[in-house]
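To start, the structure under review is shown below, and the notes come after it.
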Amino acid sequence: MDPDCAICHAPATLACDCEAKGLEVAVRQAEARMMQSIYNDIRSWVRAHAQDYILEYFRLLTERRKTAHTAHLDRITAHAYHYYHAPPHPNEISAAQAQLKRGIDEDWQASVQRYPEVLEYFYSLVELTLPDDNEAAVKDPPLSALSGSRKAGRRGGGSGTVASGPSLAHHEREMREIPLPRRTPPPLEPLRERRTPAPRERRASYRPPPPPPQSQYFPGYQ
């Protein structure tokens, strides 16, 4: 004999969706309570590394542009002294400085426009793992009271972890050798297949959703 709906008390034969909707709300609320700090940690880690990458990329571009600017000034100075035995005309110097400023602005714009791909790359390095179904904590959870007060469920063995390991170090070394024409960091293309990394001997990989949902309350569902 099937029980009546725990929320609207309708008979089971009506097959209402009150319990399914209530469960979905409860899942979102529990996820917001237990995972919000993990999402924040991941977001802060990804943001910091992406900013470092973009700033370093911009530094490389501007160093090359300033070197070219210095060489240009040397050429117009040598030309002026060779033909006129005088320094370059102030208008030439002003034009060279204006060209340098436009170039630096273009370099910064090109660097900032790379944020989406760089953020995706560092998010792809994050790995969250699920505990095995046969672990004791999964098969026999210590929830006899079901009071909702037990939040020490983040075990060291099966909890999600933020991984930055050898792949990140390799990426940061490669970053310092970016050729000017490239618009994609060298490690990004070969590592795009890691967008959904498979856990080591785990059931499935879990990738955090974008922003966590807002907490809601579904009346009548406990």
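Positions are given from 1 along the sequence.
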For Lys66 and Ile104: C-alpha separation, side-chain torsions, deciding distance, then whether side chain to side chain contact (heavy atoms under 4.5 Å, CB included) applies.
CA-CA 9 Å; Lys66 289 177 181 179; Ile104 290 177; 4.2 Å; yes
Are [X] and [Y] side-chain neighbours, meaning at least one heavy-atom pair lies under 4.5 Å?
X      : Y      : value
Ser111 : Leu61  : yes
Gln97  : His69  : yes
Pro116 : Leu119 : no
Ile54  : Arg114 : yes

Interatomic distance, [X] atom [atom1] to [Y] atom [atom2] [nearest 0.5 angstrom]:
X      : Y      : atom1 : atom2 : answer
His49  : Ser44  : NE2   : OG    : 11.0 Å
Gln36  : Asp41  : CD    : CG    : 10.0 Å
Ile42  : Ser37  : CD1   : OG    : 9.5 Å
Ser124 : Glu117 : OG    : CD    : 11.5 Å
Glu63  : Phe58  : CD    : CZ    : 10.5 Å

Quick one, Arg28 with Val25, criterion side chain to side chain contact (heavy atoms under 4.5 Å, CB included). Give me CA distance, side-chain angles, the key distance, then yes/no.
CA-CA 5 Å; Arg28 291 199 298 266; Val25 171; 3.5 Å; yes
Residues [X] and [Y] bridged, charged N to O under 4.0 Å:
X      : Y      : value
Glu106 : Arg102 : no
Arg65  : Asp107 : yes
Glu56  : Arg59  : yes

Glu19 side chain to Ile7 backbone, donor-acceptor under 3.5 Å
no
If we ignore hydrogens and angles and just use 3.5 Å, is the side chain of Thr77 paired with the main-chain N or O of Asp74 as donor and acceptor?
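No, the answer is negative, given that no donor and acceptor are paired below the 3.5 Å cut-off.
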Any chance CD of Gln51 has more than 12 other-residue heavy atoms, nucleotides or ligands included, within less than 6.0 Å?
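Yes, enclosed.
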Would you please say whether a donor-acceptor pair under 3.5 Å links the side chains of Glu31 and Tyr39?
yes
Count I, L, V, M, F, W, Y as connected when their side-chain heavy atoms are under 4.5 Å apart, and connections chain through other members. Are Tyr115 and Trp45 then in the same cluster?
yes
Taking Phe122 as the starting point, is it possible to reach Leu55 by hopping between hydrophobic residues whose side chains are less than 4.5 Å apart?
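Yes, because Leu55 and Phe122 connect within a single hydrophobic cluster, where side-chain heavy atoms sit under 4.5 Å apart.
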Looking at every heavy atom in both [X] and [Y], which two are closest together, and how far apart are they?
X     : Y    : answer
Ala12 : Pro3 : CB-O, 3.4 Å
Pro11 : Asp4 : CA-OD1, 3.5 Å
Cys5  : Cys8 : SG-N, 3.4 Å

For Tyr84, what are the other residues in its hydrophobic cluster, where any two members join if their side-chain heavy atoms are less than 4.5 angstrom apart?
Tyr83
Side-chain heavy atoms under 4.5 Å apart, restricted to Ile/Leu/Val/Met/Phe/Trp/Tyr: what other residues fall into the cluster of Leu73, or is it alone?
Ile76, Ile93
Val138 vs Asp132, test: side chain to side chain contact (heavy atoms under 4.5 Å, CB included). Steps then yes/no.
CA-CA 8 Å; Val138 176; Asp132 190 88; over 6 Å; no
Can you check side chain to side chain contact (heavy atoms under 4.5 Å, CB included) on Arg43 and Tyr123, steps first, answer last?
CA-CA 8 Å; Arg43 184 181 299 109; Tyr123 267 116; 3.9 Å; yes
Salt bridge (charged side-chain N to carboxylate O under 4.0 Å, His left out) pairs, two or more places apart, involving residues 77-101
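Sorted result for residues 77-101: Lys101-Asp105.
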